[in-house]
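If you're wondering where the values come from, they're calculated on a predicted model, not measured in any experiment. Worth knowing before you read on, the calculation uses all heavy atoms, side chains too, and leaves out hydrogens, waters and symmetry mates.
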Amino acid sequence: MTLALKSWMANEGPKHFIMMVWVGVNVFLFWRTFMLYYSGAQYYYLHKMLGLGLCISRASASVLNLNCSLVLLPMCRSVLTLLRASQRVTSRQVRRLLDKSKMFHMTCGITICVFSVIHVSAHLMNMVNFSVRYSEDFPELNVAQYKGQDPRILILSTVPGVTGVLLVIVLCLMFTASSYSIRFSSYEIFWYTHNLFIVFYLILMLHVVGGALKYQLNVESHPPGCVHTNLSSHSLTNHRAAGEKDSRSVCLEEACFQTHFPQTWLWVSAPLCLYCAERLYRYIRSTAEPVTIINVVSHPCDVLEVRMLKSGFKPRPGQYILLNCPSVSSFENHPFTLTVCPTGKNATFGIHLRVLGDWTSRFSQLLLKQSNSSEILPMMQQRRYPTVHVDGPFGSPSEEVFNYEVSLCVAGGIGVTPFACVLQALFEDWRQYKLKRLYFVWVCRDLQSFYWFADLLCGLHERLWHNNRPDYLNVQLYLSDSQGLQDIGEERYRFLSSRLRIGRPKWKLLFQEIGRANQHKRVGVFCCGPKGISKALHTLLFYSFSFYSLFIGYLYYFCFYSLHISSITIFTFHANL
């Protein structure tokens, strides 16, 4: 238990500390605003009219202002990439936190939805109270024109009411379209609805215009609750008829009220300007330099390899790009992990994409010639290719593979793409990196999938063998589907055939083996693939006692997996026996 606690503190501690700080700030803002409107002298008459609905609506608004400003920051990809590349400024722990940007973005988004429901519910109560508790003594506080006015008319006849309805509609569209089922079945719906955030923020700026809620200006000269000489006779008559003794002080000045100065723009203007500036910079960067498609290679299992050329494009192994094809869609940008990076000898870069979904289907039709004859895969086809724009590169956790002496890369299916560029970089020059040993585990359902990078794996193994480093690369291939062909028959792939195993990896035994072979060394574990593999590794690493200390970082980033955005879990841990 002590080891498990130390492991949790070392691996999950920074993430949970940040989350605790974030929760604490939200709770503090909610409680401070609630108490301000509950007991503040300037809100005495307004609170008397609206009750707890006033306190809850304003407190939830404070939380919404905070999260609407924070939700944009994790999506500033270029800024995060710049911070991640500044290793003198950011430590490894900070880079792990930067890689959790997607998780924090989703957390802020869910918080916005939850507190929007609270905010709307509280304001519905306020509209009812504005109608029922119409004040004849302080007409300036009233939103209703007369007592008993239909609250629905108040909502549709005021700027906060109309903009609030529009905000709810836009937020519902964005939230529902962000679900996994819609993203997986129709990524286009998710992309277009999510970009309604521009409309959302514009309406949000207008939402506070109108001055529905007012506060008292002259609290000192008109103490809350005092009796003014010009108080309506109707109110005084009712007070005296009730037989109540009036103990309130008499003031000579009438209460004055004023609408609040809009504060939402103070919260969201800076993050919104930063995000818009970054998007403008990325647009100019992606369209300024033309991208030339050199060739397209068709691989088994509906996977295409696209080689491109762009001047001044210098990505690092493990990074990803956003690809835009105006012939398919002018606005959609889809993320793809780089599988080949430019080198001194070859300036081209490449990606592997699986044809699955509307966008990749249309894109592949533009890349490949229509042919009725049977094709022998892989094959290269030359033609006039469509225009494409490349945005990026952007940082990802896979860049950290080279920063460990020993690394374990676990891939599932097309999830091998983040590590293909790593293998290619090692093939070019493995001596320049800190990495001294690489464990590569690849799990696929179809035997043909291993042919995607068969030449790369065999070539890297042969080069390391000739350099007297046969222990540098440890490859294990697992075929989860045991039906059909179970062997790689080609003679040139004899190395892979000897590493092929049927079934699924036994993770516990694998980690024990790595721990025994790398005592007192820090091992980085990186996983890209289905959530089942990531979850199994995360659970096992927390409760495995094969290592003296574990250092697991739960990192996410956007990666292309079967066309759609998929979260990739990266684990890093210390193996110390």
Side-chain angles (χ1 to χ4, degrees), residues 72 75-79 81 102 105 169-170 173-179 182-203 272-296 302 304-313 315 319-338 349-370 383-394 558-566:
L72 291 173
M75 293 297 100
C76 296
R77 301 172 188 251
S78 297
V79 176
T81 302
K102 179 188 173 182
H105 173 77
I169 295 174
V170 173
L173 291 175
M174 295 176 62
F175 182 75
T176 54
S178 299
S179 62
I182 294 181
R183 285 191 291 115
F184 185 81
S185 60
S186 182
Y187 180 77
E188 291 81 2
I189 295 178
F190 161 77
W191 194 91
Y192 285 114
T193 54
H194 226 61
N195 278 273
L196 289 175
F197 79 93
I198 301 176
V199 179
F200 178 84
Y201 278 95
L202 291 177
I203 300 176
L272 186 61
C273 291
L274 175 63
Y275 181 79
C276 292
E278 199 230 24
R279 286 288 293 265
L280 179 61
Y281 163 74
R282 286 166 46 188
Y283 174 77
I284 296 175
R285 180 180 62 177
S286 62
T287 56
E289 295 292 339
V291 178
T292 304
I293 298 180
I294 304 301
N295 58 59
V296 178
D302 293 328
L304 297 181
E305 179 183 357
V306 184
R307 291 291 184 96
M308 294 169 281
L309 179 65
K310 181 179 180 179
S311 60
F313 186 71
Q319 293 186 325
Y320 70 99
I321 61 173
L322 293 178
L323 189 66
N324 173 268
C325 181
S327 301
V328 179
S329 177
S330 300
F331 302 102
E332 293 183 40
N333 297 275
H334 291 264
F336 296 90
T337 304
L338 291 171
F349 62 96
I351 62 172
H352 282 65
L353 63 92
R354 168 170 277 175
V355 181
L356 182 64
D358 297 337
W359 193 91
T360 49
S361 297
R362 295 194 297 268
F363 186 52
S364 63
Q365 292 174 2
L366 296 174
L367 293 176
L368 298 176
K369 291 181 180 179
Q370 300 294 334
R383 59 165 299 180
R384 185 176 180 180
Y385 297 108
T387 302
V388 296
H389 302 296
V390 170
D391 184 14
F394 302 106
F558 286 132
C559 177
F560 176 75
Y561 179 64
S562 301
L563 171 64
H564 309 290
I565 298 293
S566 174

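- Between L304 and L368 there is a side-chain heavy-atom pair separated by less than 4.5 Å.
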With side-chain contact (heavy atoms from CB on, under 4.5 Å) as the test, would you mind laying out the steps for L367 and I293 before giving the verdict? CA-CA 9 Å; L367 293 176; I293 298 180; 3.8 Å; yes
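- R183 contributes a side-chain N or O that, together with a main-chain N or O of S178, makes up a donor-acceptor pair within less than 3.5 Å.
- Distance check: D391 CG to S78 OG gives 6.5 Å after rounding to the nearest 0.5 Å.
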Derivation and outcome, side-chain contact (heavy atoms from CB on, under 4.5 Å), residues F394 and L322: CA-CA 9 Å; F394 302 106; L322 293 178; 3.8 Å; yes
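- Taken to the nearest 0.5 Å, the OG1 atom of T81 stands 6.5 Å off from the CD atom of Q319.
- Closest non-hydrogen pair, G350 versus R307, comes out as CA-CD, 4.0 Å.
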Evaluate side-chain contact (heavy atoms from CB on, under 4.5 Å) for I321 paired with F313, printing each intermediate quantity in order. CA-CA 11 Å; I321 61 173; F313 186 71; 3.6 Å; yes
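- For the pair R354 and D302, the salt-bridge criterion is not met [side-chain N within less than 4.0 Å of a carboxylate O].
- When all heavy atoms of M174 and H194 are compared, the pair lying nearest together is CE-O, 3.7 Å.
- Pairing each heavy atom of H352 with each of F336, the nearest pair is O-CD2, 4.4 Å.
- Closest heavy-atom contact between V170 and F200: CG1-CB, 4.0 Å.
- With rounding to the nearest 0.5 Å, the separation of CZ in F190 from CD1 in I182 is 10.5 Å.
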Under the side-chain contact (heavy atoms from CB on, under 4.5 Å) criterion, do I351 and M308 qualify, and how do the steps go? CA-CA 9 Å; I351 62 172; M308 294 169 281; 4.2 Å; yes
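- Here the side chain of K310 pairs a donor or acceptor atom with the backbone of V390 at under 3.5 angstrom.
- Between the side chain of N333 and the backbone N or O of F331 there is at least one donor-acceptor pair closer than 3.5 Å.
- Contact detail for E289 and S311: the closest heavy-atom pair is OE1-OG, 2.8 Å.
- Using a distance-only test at 3.5 Å, with no hydrogens or angles considered, a donor-acceptor pair links the side chain of N324 to the main chain of E332.
- Two residues are said to be in side-chain contact when any heavy atoms from C-beta on lie closer than 4.5 Å; L366 and C325 meet this criterion.
- When ring centroids are compared, Y201 and Y275 stay outside the 6.0 Å threshold.
- Using cut-offs of 30° and 60° on the angle between ring planes, the pair H334 and W359 is tilted.
- Atom-to-atom distance recorded for C276:SG and L274:CG is 9.0 Å, nearest 0.5 angstrom.
- You'll find the side chain of E278 stays beyond 4.5 Å of the side chain of M75, heavy atoms only.
- Once rounded to the nearest 0.5 Å, the distance linking CG of L309 with CG of N295 reads 11.0 Å.
- Judged purely by distance below 3.5 Å, without hydrogens or angles, the side chains of Y192 and S329 pair a donor atom with an acceptor atom.
- To the nearest 0.5 Å, atom CG of residue N195 and atom CZ of residue F197 are 6.0 Å apart.
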